[in-house]
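Reading through the structure tokens given below for one structure.
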Protein chains: 2
Amino acid sequence: MRRSAPTLTDVAKLAGVSEITVSRVVRNKGSIAEATRARVQEAIVKLGYVPNRAAGALASAGAPLIGVLLPSLSNIVFPEVLRGIHTALAATGYQPLIGVTDYDPVKEQDLLSSLLAWQPAAIITTGFEHTDATRQMLAGSRVRVAELMDIDAEPIDIAVGLSQRRAGFDAGRHLVERGYRRFGYVGHDWNADHRARLRYEGFRAALAEAGLGVIAEERFDGSSSTIAGRQTLAVLLSRKPDVDVVVFSNDDMAVGGFFHCLGANIRVGRELGLFGFNGLDIGQALPVPLSTIRSHRFDIGRIAVEKLLESSERPEEKLIVDTGYEIIAGATA
Amino acid sequence: MRRSAPTLTDVAKLAGVSEITVSRVVRNKGSIAEATRARVQEAIVKLGYVPNRAAGALASAGAPLIGVLLPSLSNIVFPEVLRGIHTALAATGYQPLIGVTDYDPVKEQDLLSSLLAWQPAAIITTGFEHTDATRQMLAGSRVRVAELMDIDAEPIDIAVGLSQRRAGFDAGRHLVERGYRRFGYVGHDWNADHRARLRYEGFRAALAEAGLGVIAEERFDGSSSTIAGRQTLAVLLSRKPDVDVVVFSNDDMAVGGFFHCLGANIRVGRELGLFGFNGLDIGQALPVPLSTIRSHRFDIGRIAVEKLLESSERPEEKLIVDTGYEIIAGATA
DNA sequence: CTGTTAGCGCATTCAC
DNA sequence: GTGAATGCGCTAACAG
């Protein structure tokens with residue numbers, strides 16, 4: 001039968017030192033004589049000692065955890081953000097504790113309170129849409145907060161992302177410059193995905209500036225997917241066949257639109273332009289690379305972690321990190 | 001200035017009861033008079049009390065956490081498993097603590113020890129490829145373990161997944177039955193993805209049974225992706241143009257292969273068959289639905305959690321849950 | 001149905 | 001460079 005896991009006390013006894021010395025060795029904090037350190041290390045290895053984090057967290061009123069709130073795991077964008085978070089966290093000793101909000105601010109609020117129960121060092125969440133209670137909990141807490149993806153509002157502490165509105169605007173202007181005039185839009189459910197709406201608004205603003213507008217618009221009532229894009233473009237074209245370019249809420253939708261065109265024998269880029277958002281690999285692997293805007297999802301996650309861990313205090317001044325975006329001219333629009 | 005967060009003691013004082021009573025109300029454990037419960041609840045709300053999990057974990061020698069070790073977040077399959085895990089966890093009060101191993105058993109081992117430091121209730125990991133130290137840590141611990149995706153070996157406690165080998169075998173047999181004879185294989189790096197190799201072995205076994213073999217084989221030296229599939233099929237066809245069907249290591253690769261065919265004007269399904277694995281949405285959204293095998297990633301995650309939380313002890317007998325798979329006939333092979 | 005007592009394992013003082 | 005005392009906030013075990 002296995003005895004209960006070894007504790008600091010066990011290590012201390014074996015090494016012939018006090019518990020606090022072991023603790024210092026483990027945390028690499030304070031000055032320790034090289035000989036002592038070696039002896040302690042040896043004892044640690046011999047016993048297979050693993051520090052009990054719960055005890056550490058309790059004693060020091062703070063856990064080496066980062067709470068991460070994501071709206072969804074279905075949309076490939078968020079696993080990529082998470083990948084950036086993981087990568088940046090890997091070397092630090094912090095671990096991510098994850099919650100999925102389904103784009104629901106109330107769920108976000110509930111999850112936040114379970115995360116805060118661990119006394120994490122920081123919270124990473126998405127966007128600026130929070131309940132009042134959420135804002136209060138965050139404001140009243142000691143943890144630093146990063147809000148990801150968008151930078152078009154005032155952050156609680158730190159925002160990392162891109163201006164969704166400007167990205168949409170630049171997409172519109174780019175297409176106007178390329179000579180398109182009869183614009184269609186294929187989107188998905190905005191209630192969930194607020195950022196898609198911001199891009200749409202920017203896009204419309206660019207058209208308006210050129211004295212143009214959207215002549216056909218179709219929104220799929222659900223989250224974005226390739227299939228949704230395919231179906232929704234079909235509907236749009238059946239109602240308004242004479243658009244010369246269609247802007248999609250994102251690349252998933254746009255790739256679906258591309259598939260529709262393949263099946264319907266529409267020559268993409270010549271008869272009909274297609275434009276996405278995100279710059280996913282899949283879009284660039286198409287026989288004709290998708291025209292779109294590259295967002296830097298991985299970097300957003302990575303930078304958020306870096307900024308959060310730069311200091312152990314909440315920042316004095318709000319910080320906004322613009323990770324930018326680039327238009328990928330592609331060949332579909 | 002905000003005072004420090006309210007504790008059980010604060011709530012107890014306000015409600016005029018003892019701490020343990022509050023604790024019982026919070027955990028909904030033991031019997032409490034309705035009147036007392038109401039009074040305590042009121043105090044909790046009034047103070048905005050949030051239990052300190054670290055303290056709870058320390059006192060009860062166990063945290064309401066599930067450690068999750070995933071090989072990758074790049075491969076869409078794992079976010080889907082994670083989604084299943086999250087969904088099943090949502091109602092339970094358990095939270096997932098996540099580590100990404102990059103298919104590296106040594107990283108897995110390190111991450112496992114950081115996860116165990118929290119005294120989680122259970123560990124979810126992937127496959128059967130672990131270091132000896134990993135096996136020892138798990139065997140010697142109190143936590144239940146689920147190994148996901150594959151069921152072709154003896155699990156530590158619970159395995160949830162499908163027989164990768166049989167899936168590969170059935171794919172091979174299916175294609176032989178459909179009359180294909182000149183088989184090509186396009187894969188990615190096996191050192192990382194052991195399951196792709198198992199499928200390949202099953203596939204070859206089916207061919208061998210029919211007196212057939214793989215006449216052309218190309219493996220991309222890296223992880224699977226659409227672009228890798230596209231490039232690698234191109235290479236294979238340039239070396240051996242007369243294959244009549246190509247089996248891919250998974251759908252990502254197969255979709256890439258499909259894109260190559262589009263660009264190269266190869267009529268998929270007539271001139272050349274393509275077969276994938278996983279049954280991703282993207283494959284079914286293609287103009288011609290991809291022939292493939294549907295695995296049930298979401299369910300694998302969900303069921304793993306359900307089985308793990310069924311009991312609070314390690315199971316007496318090893319449990320294997322076969323989530324099965326189905327051949328999607330599709331139209332590409 | 002409710003309370004008392006006694007730690008859980010560690011880190012933060014402050015000494016020496 | 002090292003140690004002793006104390007408590008973090010909660011829950012298990014036992015009373016009553």
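Proteins come first, then strands; the chains are lettered A, B, ... in the order of their sequence lines, and each starts at number 1.
A salt bridge links B:R314 to B:D157: at least one charged side-chain nitrogen sits closer than 4.0 Å to a carboxylate oxygen. The pair A:K307-A:E310 meets the salt-bridge criterion, with a side-chain N (NZ, NE, NH1 or NH2) lying under 4.0 Å from an Asp/Glu carboxylate O. Using a 4.0 Å cut-off between charged side-chain N and carboxylate O, A:K46 and A:E42 make no salt bridge.
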Under 3.5 Å, sequence neighbours excluded: what are the donor-acceptor pairs made by side chains of residues 30-38 of chain B?
from: B:R37; atom 1: NH2; to: B:N28; atom 2: OD1; distance (Å): 3.0

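Counting to the nearest Å, the C1' atom of D:dT2 and the CD atom of A:E34 are 15 Å from each other. Atom CG in A:L8 sits roughly 19 Å away from atom P in D:dC8 (whole-Å rounding). In this entry the distance linking CZ of B:R27 with C1' of D:dC10 reads 8 Å, nearest Å.
The phosphate of D:dT11 has OP1 or OP2 within less than 4.0 Å of a side-chain N or O from B:S23.
With a 4.5 Å cut-off on side-chain heavy atoms, B:M149 and B:V77 count as touching.
When each of B:E147, B:R135, B:Q136, B:Q109 is tested with B:H130 by the rule side-chain hydrogen bond (donor to acceptor under 3.5 Å, both in side chains), just one qualifies, namely B:E147.
Residue contacts shown for A:I20 include a base, since a base heavy atom lies under 4.0 Å away.
Remark: B:D110 engages B:V106 in a side-chain contact (heavy atoms from CB on, under 4.5 Å) (not counting sequence neighbours). Residues that satisfy the side-chain contact (heavy atoms from CB on, under 4.5 Å) test with A:T87, not counting sequence neighbours, are A:F298. Shown here are the side-chain contact (heavy atoms from CB on, under 4.5 Å) partners of A:S60, two or more places apart in sequence or in another chain: there are none.
For DNA chain C, the span of nucleotides reached by chain A at under 4.0 Å from its heavy atoms goes, 5' to 3', from C:dG9 to C:dT12.
Ranked by how close their nearest DNA chain D nucleotide is to the 5' end, B:P51 and B:R24 are led by B:P51.
Interface residues of residues 57-65 of chain A facing DNA chain D, ordered by number: A:L58, A:A59; criterion, heavy-atom separation under 4.0 Å.
With distances taken from any side-chain atom of A:T36 to the nucleotides D:dC10, D:dA13, D:dT2, the minimum falls on D:dT2.
For D:dG9, the base has no donor-acceptor partner in the side chain of B:R53 [N/O atoms by modelled type, under 3.5 angstrom].
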